[in-house]
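Note sheet for the following structure.
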2 protein chains.
Amino acid sequence: MAETAGNGRTGTKGAQLRSYLLGLIEGELKPHEKLPTERDLAETFGVTRLTVRRALDQLGYEGRVYRTQGAGTFVSEPRIAKSVELTSFTQDMRARGLVPGSLDTMVEEIPAGAEIGARLALSPRDLVAHISRVRTADGEPMCIENTYVPAKLAPGLAARGITGSLYQMLTETYHLKIEKAEQSIHATVLDPPLAKLLGVPEFSPAFKVLRVAYDAKNQRIEYAESVYRADRYSYDFVIFRTSRDNTN
Amino acid sequence: MAETAGNGRTGTKGAQLRSYLLGLIEGELKPHEKLPTERDLAETFGVTRLTVRRALDQLGYEGRVYRTQGAGTFVSEPRIAKSVELTSFTQDMRARGLVPGSLDTMVEEIPAGAEIGARLALSPRDLVAHISRVRTADGEPMCIENTYVPAKLAPGLAARGITGSLYQMLTETYHLKIEKAEQSIHATVLDPPLAKLLGVPEFSPAFKVLRVAYDAKNQRIEYAESVYRADRYSYDFVIFRTSRDNTN
DNA sequence: GCAAGTGAGTGGTATACTCCAATTGCACGG
DNA sequence: CCGTGCAATTGGAGTATACCACTCACTTGC
């Protein structure tokens with residue numbers, strides 16, 4: 001339970017090493033500079049090389065370093081984006097250097113109905129908390145968000161209301177930690193009422209994002225339908241070839 | 001060089017194990033069924049548990065299995081999509097069960113110019129092969145693709161012309177293997193000429209995708225600008241929380 | 001009958017060691 | 001002076017072993 005925030009002497013040796021390495025990557029070292037060798041790190045930290053490798057491998061997976069056999073491990077160029085990471089709107093905007101906010105927040109408890117029920121694997125009669133809000137960045141409307149959370153998982157959420165980050169509330173109040181999400185992005189145009197809410201011309205292009213979020217136990221926590229204005233939003237990410245299959 | 005396609009007794013023990021496990025996942029086992037325990041696999045394959053773990057861990061990263069301490073390793077539900085994987089149009093369409101094709105293919109060798117040059121880190125005067133085509137799925141236009149490849153990396157490409165998959169050609173003829181790509185997705189609407197090419201109403205919604213692709217040595221291989229019709233295309237993928245940071 | 005407790009079995013982390021494969025720089029020879 | 005080749009270095013793969021943390025089914029006791 002004593003999990004301190006991010007960097008420090010937390011948890012396993014591997015995790016400590018990871019923190020140290022992240023510090024190097026984001027601090028002292030510039031892109032394409034060489035990290036200490038595995039053997040050096042192992043010795044100076046008093047751990048096995050395997051432990052070092054696990055930490056470095058993970059950073060490799062995440063694209064923060066790249067490794068070349070015979071040469072060494074090097075810092076990757078800063079990633080242009082990290083939209084493949086699972087984030088809340090709040091986190092996402094902060095990462096872009098904008099101040100997140102909400103307008104017209106509305107919370108109600110309603111039966112799931114056919115569609116929402118299907119998305120959350122509930123009976124249509126089961127209750128869900130429906131949170132509707134216009135999300136803003138630096139005060140400007142960015143997206144319209146409709147979120148549904150099974151009432152069973154977050155009792156009293158509708159009554160309590162939402163102030164800041166829903167994800168934060170789910171974690172702290174209900175101990176629901178989202179670990180995974182399936183997301184589907186569509187391109188669309190804004191019909192007049194939505195355009196008005198977002199303050200853009202009618203029929204402007206927009207993203208429609210559908211998302212089902214799960215916790216570590218594969219329990220469905222949230223279904224969200226969001227509409228983002230396309231003039232201020234894009235999805236930027238890095239993708240990798242997934243080993244196997246040379247079938248072009 | 002003798003890399004056989006996918007499954008089989010290729011390469012390292014870890015890779016062989018991976019193939020075996022993939023076979024199980026895609027064959028015998030249904031979602032949420034339990035895989036053999038790490039210790040069992042280690043014994044029956046005559047390898048260490050650590051080797052087994054590496055194989056299973058990787059499958060875990062890729063979302064094909066999920067692991068629960070104390071319980072076991074289980075097959076994940078089939079993924080709704082794999083758009084976070086790096087694929088060519090050809091592969092992507094095949095994965096969706098459609099037959100890929102091309103119309104109006106045009107190849108020319110031109111100076112990069114300011115924008116393309118910047119994207120590929122070339123001088124504006126350096127030559128690039130420009131491939132322009134309308135990509136089809138089951139004969140229907142799906143997207144308009146403009147691809148640029150540095151002429152130095154693929155000499156004679158313009159003369160040779162493109163028949164099927166550009167990626168296949170790059171791999172087989174020029175030994176350029178794309179490993180990584182930065183991708184940026186925007187929502188837009190189709191202006192009349194593009195709409196006509198794709199056979200949809202003017203001002204229909206569409207995705208605009210910009211992509212810079214790199215090989216293992218971080219050499220820029222390709223810059224591509226594609227426009228997809230939104231009525232037949234969506235981006236579906238799974239995202240994960242990236243450990244660290246509880247800062248919601 | 002039902003809840004609490006416990007233990008076997010599972011994945012998670014770590015040590016200590018070995019050999020292989022790719023890279024790179026330096027010395028040596030043409 | 002250039003390049004060829006060798007040797008040191010670095011990451012990659014693997015073995016053998018130990019102990020920890022969590023889960024879950026079964027037993028036990030009320």
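Proteins come first, then strands; the chains are lettered A, B, ... in the order of their sequence lines, and each starts at number 1. Values below: all heavy atoms of this structure, side chains included; hydrogens, waters and symmetry mates excluded.
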List in chain and number order the residues that pass salt bridge (charged side-chain N to carboxylate O under 4.0 Å, His left out) with B/Glu115, two or more places apart in sequence or in another chain; answer none if no residue qualifies.
B/Arg119
From CZ of A/Phe74 over to C1' of C/dT24, roughly how many Å is that when rounded to an integer?
10 Å
Can you tell me how far P of D/dA13 sits from CZ of B/Phe45, to the nearest Å?
18 Å
How would you list, by chain and number, every residue that makes a ring-ring contact (aromatic ring centres under 6.0 Å, His included) with B/Phe74, sequence neighbours excluded?
B/Tyr66
Considering residues at least two apart in sequence or located in another chain, which fulfil the side chain to side chain donor-acceptor pair (under 3.5 Å) criterion with A/Asp57?
A/Arg67
For nucleotides 8-15 of chain C, just jot down a letter per nucleotide in 5' to 3' order: B, S or -, based on protein non-hydrogen atoms under 4.0 Å.
-BBBBBSB
Sequence neighbours left out, what passes salt bridge (charged side-chain N to carboxylate O under 4.0 Å, His left out) with A/Arg53? Give chain and number order.
A/Glu38
Applying ring-ring contact (aromatic ring centres under 6.0 Å, His included), can you list everything that pairs with A/Tyr223, at least two apart in sequence or on another chain?
none
In whole angstroms, how far is the C1' atom of D/dG11 from the CG atom of A/Leu59?
15 Å
